[in-house]
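Throughout, residue positions are numbered sequentially from 1 according to the sequence presented. Counting starts at 1 for both ligands and their atoms, following the listed order.
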Amino acid sequence: MSDRKPFLAGNWKMHKTVEEAVELASGLAEAVGSETGRDIAVFPTLTALPAVQDILLDSVIKVGAQTCHYETTGAFTGEVSAEMLKDVGCDLVLVGHSERRALFGETDEIVRKKLEAALRVELPTILCVGETIGEREAGRTEEVIKRQIESALTGLSAQQMATITIAYEPVWAIGTGLTATPEQAQEAHHYLRGIVRELHGEVADQVRIQYGGSVKPDNIAGLMLKVDLDGALVGGAALTADSFAAIVKYSEG
Ligand code: 13P
């Protein structure tokens with residue numbers, strides 16, 4: 001067991017009307033209560049963000065956004081800046097989710113700029129990395145996640161590093177029901193922590209690395225037994241209060 005506090009986060013992706021989001025957030029607040037041994041966050045859509053913030057104001061659950069633009073203001077139709085997220089009291093932002101990379105053309109360079117934008121306004125981030133099935137089968141997992149991590153994190157200060165959480169989300173495990181085994185996840189997390197150590201020294205021992213990809217109430221405990229797994233970034237199973245609360249309250253082995 002490390003002394004890193006477990007961090008469980010729910011990425012709601014493009015799901016939930018405001019009414020549904022409020023219902024989910026209320027259910028979660030009730031189910032999670034005053035849990036302080038674990039950090040908890042949810043990432044609703046932007047349309048539901050203010051309502052979810054209202055509901056969770058007095059709870060232990062933090063509220064974040066799923067992406068941001070890297071510029072402060074300007075002619076970028078449809079986009080929202082890190083400054084704007086900060087302005088509405090957002091606690092966190094996700095950067096570099098594989099769906100953003102694959103479906104919206106986010107390159108390593110764009111991910112880096114988004115991370116810098118979030119750092120500029122001191123908005124804590126979850127930086128997502130992960131390989132596709134083709135990359136894994138070609139034996140390129142380490143090369144790919146090393147490139148993603150180095151591109152995003154090289155040159156940051158230790159103080160900045162301490163505000164960043166990494167999420168290892170193998171693309172082949174997202175939404176497929178094919179969870180990485182605890183051993184596969186541990187291998188990647190250990191490798192990632194080593195890269196962070198090469199870049200930033202001992203702050204690597206404080207950086208939390210979440211696993212994401214088909215995390216469910218019945219597999220979270222097994223994953224969390226592994227020494228370099230510090231939490232989870234959950235998609236589908238974060239969409240109902242019962243299932244996300246069960247993940248948050250996993251029992252330690
Ligand atoms: P699933 O839990 O639905 O596989 O999604 C994982 C994910 O992409 C979280 O960001």
Practice problem: Check each atom of ligand 1 against the heavy atoms of Gly213 and keep those under 4.0 Å away; list them by number with element. | Solution: 4 (O), 6 (C)

Practice problem: Can you sort out which atoms of ligand 1 are near Ala173, meaning under 4.0 Å from one of its heavy atoms? | Solution: 4 (O)

Quiz item: Which one holds for Leu233 and ligand 1: side chain close, backbone close, both close, or neither close, with close meaning a heavy atom under 4.0 Å?
Solution: both

Self-check item: Where ligand 1 meets Ser214 - atom numbers and elements under 4.0 angstrom, heavy-atom basis
Solution: 1 (P), 2 (O), 4 (O)

Quiz item: Are Ser243 and Lys216 linked by a side-chain donor-acceptor pair shorter than 3.5 Å?
Solution: no

Quiz item: Between Ala221 and Ser251, which heavy-atom pair has the shortest distance, and what is it?
Solution: CB-O, 3.7 Å

Quiz item: Salt bridge between Lys146 and Glu142, side-chain N to carboxylate O under 4.0 Å?
Solution: no

Practice problem: Kindly confirm or rule out a cation-pi arrangement of Arg38 over Tyr250, judged by NZ or CZ under 6.0 Å from the six-membered ring centre and within 45° of its axis? | Solution: yes

Quiz item: Can you find a non-hydrogen atom of Gly175 under 4.0 Å from ligand 1?
Solution: yes

Quiz prompt | Which residue and heavy atom of the protein sit nearest atom 2 (O) of ligand 1, plus the separation | solution = Gly235 N, 2.9 Å

Exercise. Report the nearest protein non-hydrogen atom to atom 3 (O) of ligand 1: residue, atom name, distance rounded to 0.1 Å.
Key: Gly236 N, 2.8 Å

Exercise. Return the residue, atom name and 0.1 Å-rounded distance of the protein heavy atom closest to atom 7 (C) of ligand 1.
Key: Glu169 OE2, 3.1 Å

Quiz item: Salt bridge check: are Arg120 and Glu83 linked by an N-O gap of less than 4.0 Å?
Solution: yes

Practice problem: Report yes if the side chains of Met224 and Asp230 come closer than 4.5 Å at any heavy-atom pair, otherwise no. | Solution: no

Practice problem: Give the minimum heavy-atom separation between Val32 and Lys249, together with the two atoms involved. | Solution: CA-CE, 4.2 Å

Self-check item: ligand 1 contact by Gly212, heavy-atom criterion under 4.0 angstrom
Solution: no

Practice problem: Could you tell me whether Arg197 and Glu202 have a side-chain N and a carboxylate O separated by less than 4.0 Å? | Solution: no

Practice problem: Please identify which atoms of ligand 1 are closer than 4.0 Å to at least one heavy atom of His97. | Solution: 7 (C), 8 (O), 9 (C), 10 (O)

Quiz item: Does ligand 1 have an atom that lies less than 4.0 angstrom from a heavy atom of Lys13?
Solution: yes

